[in-house]
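See structure below.
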Amino acid sequence: MERLVQRVRDAFRSGRSRPLSFRRQQLEALRRLVQERERDILAAIAADLSKSELNAYSHEVITILGEVDLVLEQLPEWVTAKPVKKNLLTMMDEVYVQPEPLGVVLIIGAWNYPFVLIMQPLIGAIAAGNAVIIKPSELSENTAKILAKLLPQYLDQDLYTVVNGGVEETTELLKQRFDHILYTGSTAVGKIVMAAAAKHLTPVTLELGGKSPCYIDRDCDLDVACRRIAWGKYMNCGQTCIAPDYILCEPSLQSQIVQKIKETVKEFYGENIKESPDYERIINLRHFKRLLSLLEGQKIAFGGESDEATRYIAPTVLTDVDPETKVMQEEIFGPILPIVPVKNADEAIEFINDREKPLALYVFSRNNKLVRRMIDSTSSGGVTANDVIMHFTLSSLPFGGVGSSGMGAYHGKYSFDTFSHQRPCLLKSLKGESANKLRYPPNSQSKVDWAKFFLLKKFSKGKLGLLLLAILGVVAAVLFKKHRAVLRREALLGFLAAPGAV
Amino acid sequence: MQRLVQQVRDAFRSGRSRPLRFRLQQLEALRRMVQERERDILAAIASDLGKSELNAYIQEVMTILGEVDLALEQLPEWVAAKPAKKNLLTMMDEAYVQPEPLGVALIVGAWNYPFALTVQPLVGAIAAGNAVIIKPSEVSENTASLLAQLLPQYLDPDLYVVVNGGVEETTELLKQRFDHILYTGSTAVGKIVMAAAAKHLTPVTLELGGKSPCYIDTDCDLDVACRRIAWGKYMNCGQTCIAPDYILCEPSLQGQIVQKIKETVEEFYGENIRGSPDYGRIVNLRHFKRLLRLLEGQTIALGGETDEATLYIAPTVLTDVDPETRVMQEEIFGPILPVVPVKDADEAIQFINDREKPLALYVFSRNRKLVRRMIDCTSSGGVTANDVIMHCMLGSLPFGGVGASGMGAYHGKHSFDTFSHQRACLLKSLRGEGANKLRYPPNSQSKVDWAKFFLLKRFSRGKSLLLLTILGAVAAVLVKAVYY
């Protein structure tokens, strides 16, 4: 593993990945990969997640095409140095912040959206001029294999390398030194990644998870709210990091919500959900069993059917859920939607704040003031009001967590910034040394006063007027003294010339 | 320690630190503290660093006044939500990024600029609406005691708390949970801080160090270059994280460089350096002894005199330094300036790249192309060309390291951003459900084609023909509907 990382580092050191034209060329190759090998990619995702190829396209491939197009268009602007505001001392200098590549980046993917969660960070890392080691999740085997096969066929093989394997290989990989690590996955493993990174002082971006709460206000169009929530919840069989994890609402709304979600589920998947090509399966037996254990002792308002052979769990809603029970103690990551009754919005806010900061917060209400109050009184990675998931799809918004839901963010330009070092540069001239005399020893009270004058705004603004007047006064006095003789003569002449003076 | 942090966290939970008015009020109080208690502050710094009060003012207090003034002026702009560029799907929505406080921030200061390195981050943390625990370095005792005494007299004593102590107390403190930690100090301890932070998934800003190289080109005004370098090197007796650590230059320049630095040192500190109020001392015996060891076996071209009783080490220059020797293996952090001869700029670049990324890079040359080449071919936290230190003094530039010299940055607005969470917000309406039908199951090829049309720019641009076709089809349908 050490030799592999060293090879990638040597490839970076060659400087090859830095020129803008090279980065664009690689990104264009990536785009061709996605377009030409679409069939293979969709087949791999479909096999891993028991998903239809159409959905694999809508969920993953389309996002990557959009991202690479955005980057190809914006990159020339992103790579340029940004001039910054100067002060009196640096007036004559060139001052700017130059984005630069960090070096060798490690991207660790997750299994739930195995293609996009590798490719979207990869686009940013390439755009920023780095070399990249890609470690797809071993749980989504087919996508892991196809990435290992396809990337070397389209991208520079020495700069961008796929490493596959399980816990053992990943642990070995994490012992190596990188210049940035972007990890998508669980909070528990996030801590392990950061601890490994600490040994090398490697900065990290951690896209973790949590329980994303969804508050439904009484002043709300329940039809629309429930449809949107059901869409986001049961997509990918609940295996989405920003799926609405649980619902908070007043008790009187519960049964309506259940009813409307039931109707929506029928609209989406038909009478026989198992037959619907749009309804996925749980990724593996371990997660299947984990999810079943969450149902124990719960009031199943609808759904609850499961089939171990196909790892099928029906879209399920639980009502009157007790916050102390298992289903409310861990991120669900499955098609089980608990409803926890709360008295009102205030209690919902308190409930949310008593828990770890989630990756997403959802609020459904026609009342804009309430929406803003819920946002202002809580914290979360991101927020979508009156819908779910959607803040993920706008690449001008940073996507990331806070607290135990993660640190750092990416998507669009934020990816580029994440994988860059913003280097401040101050280019002075060797001339103008006299201006520097103020700073050189020996120091004196007058030097300090001048420094205050030049550097402290408040001092300059308030006292500038007075000081200027004082200076003008001094100048005037000096001039007057110099020319006193002349002035006296002229005054006398003037006096003599004035009528009636004599 | 756990109870103390919990108390601060409860104070944050009260929501008191969040309103803009409160933050401005606290920052104004901080400013008053610095102005009213200037004497006490300068005296503390002066006794910790063997520094004159005038220099303590210039080097630390003035920076803080400038920083607070900037924050007071800009904060209303900084706290405002920033609208985000929308796409076709979100055209009717409100999309913005809202900066929010993180919660409880921990600021661990260093001893070399004990006031500035604690209070400058504090300004940013307060401005961002957080509660803060401040841990000054125990090595700069007087400043640490003074901060513990003054801060509660001016700032909200529940939200902003000073914790003093040594390694034991700091270790206990690092076991607690924070929402951000800003640490200034050594690379070794930086790793310990980050490892402790990892247990709680606390994001960190690490302002570390390294050996900041200083390349002097043959095409250069050596008088000016040497004066500026000597100023930055011997300031605070070399105990500055961005001091030019060592010089790289062609062998022919060594003699002149030594001569000019010698002349500059005399200009600055006079004949009797020990008598100059502007020349500092080494902070403690441990560092004094460490620095003496670095001199062993070296060619001392200038200086080298020391006095253990007063922790004095003269401004020193070493020539023909061997890169394998001890003085080139660790950050010097003292008034010893090694000159390492290199063949040319290319060799200098390779030398720099063979080592850890430094906190600062310095290049002296009249040749702009060479300056840019050195910058482009290397990496470092920051760069000043034709001077030293100065990139740290401009609040609009982010100040931080990269690689072993650190992660994250602060100063000015960058401090505010460091201590904030940039929360992505998308506010949609419950109306317009028709537009969403495309995304709901059951999926179909036509839904996917429409999604491509709406979401993929390239597709849209290239396929204006498709749009015309669609319009044509719509028109045809309408005509048919009207006529039949």
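Chain A is the first sequence line, chain B the second, and so forth, proteins listed ahead of strands; every chain is numbered from 1. Given the structure is predicted, the values throughout are model-derived calculations rather than measurements.
Side-chain atoms of B:R423 and A:S380 form a donor-acceptor pair, as typed in the model, at a separation below 3.5 Å. Side-chain polar atoms of B:S380 and A:R423 form a donor-acceptor pair below 3.5 angstrom. At a cut-off of 3.5 Å, with distance as the only test, a side-chain donor of A:N443 or B:N55 sits close to an acceptor on the other residue.
Neither the backbone nor the side chain of B:T264 comes within contact range of chain A; no heavy atoms are under 4.5 Å apart. Only the backbone of A:D376 comes within contact range of chain B, with at least one heavy atom under 4.5 Å from a heavy atom of that chain. Heavy atoms closer than 4.5 Å to chain A are found nowhere in B:T63, neither backbone nor side chain. For B:K191, the parts lying near chain A are the backbone and the side chain together; criterion is any non-hydrogen pair under 4.5 Å. Of the atoms belonging to A:L102, heavy atoms from both backbone and side chain fall under 4.5 Å from chain B. Contacts of A:Q98 with chain B are absent, with no heavy-atom separation under 4.5 Å from either backbone or side chain. Only the side chain of A:V371 comes within contact range of chain B, with at least one heavy atom under 4.5 Å from a heavy atom of that chain. With a threshold of 4.5 angstrom between heavy atoms, A:S395 does not approach chain B through any atom at all.
Salt bridge absent: A:R13 and B:D354 never bring a charged side-chain N and a carboxylate O closer than 4.0 Å. Salt bridge present: A:E94 and B:R372 bring a charged side-chain N and a carboxylate O closer than 4.0 Å. Taking 4.0 Å as the cut-off between side-chain N and carboxylate O, B:D179 and A:K357 count as a salt-bridged pair.
For the pair A:S429 and B:N386, the minimum side-chain heavy-atom distance is 4.5 Å or more. For the pair A:K86/B:S396, no side-chain contact is recorded, criterion being any heavy-atom separation below 4.5 Å from C-beta on. Here the side chains of B:R439 and A:R228 are in contact, with some heavy-atom distance below 4.5 Å. A heavy-atom distance below 4.5 Å is not found between the side chains of B:T90 and A:M390. Residues B:Y279 and A:P441 are not in side-chain contact: their nearest non-hydrogen atoms beyond the backbone lie 4.5 Å or more apart. With contacts defined as side-chain heavy-atom distances shorter than 4.5 Å, the pair A:T384/B:L427 does not qualify.
Of all the heavy atoms in A:L201 and B:L206, the pair that sits closest is CD2-CD1, 3.6 Å.
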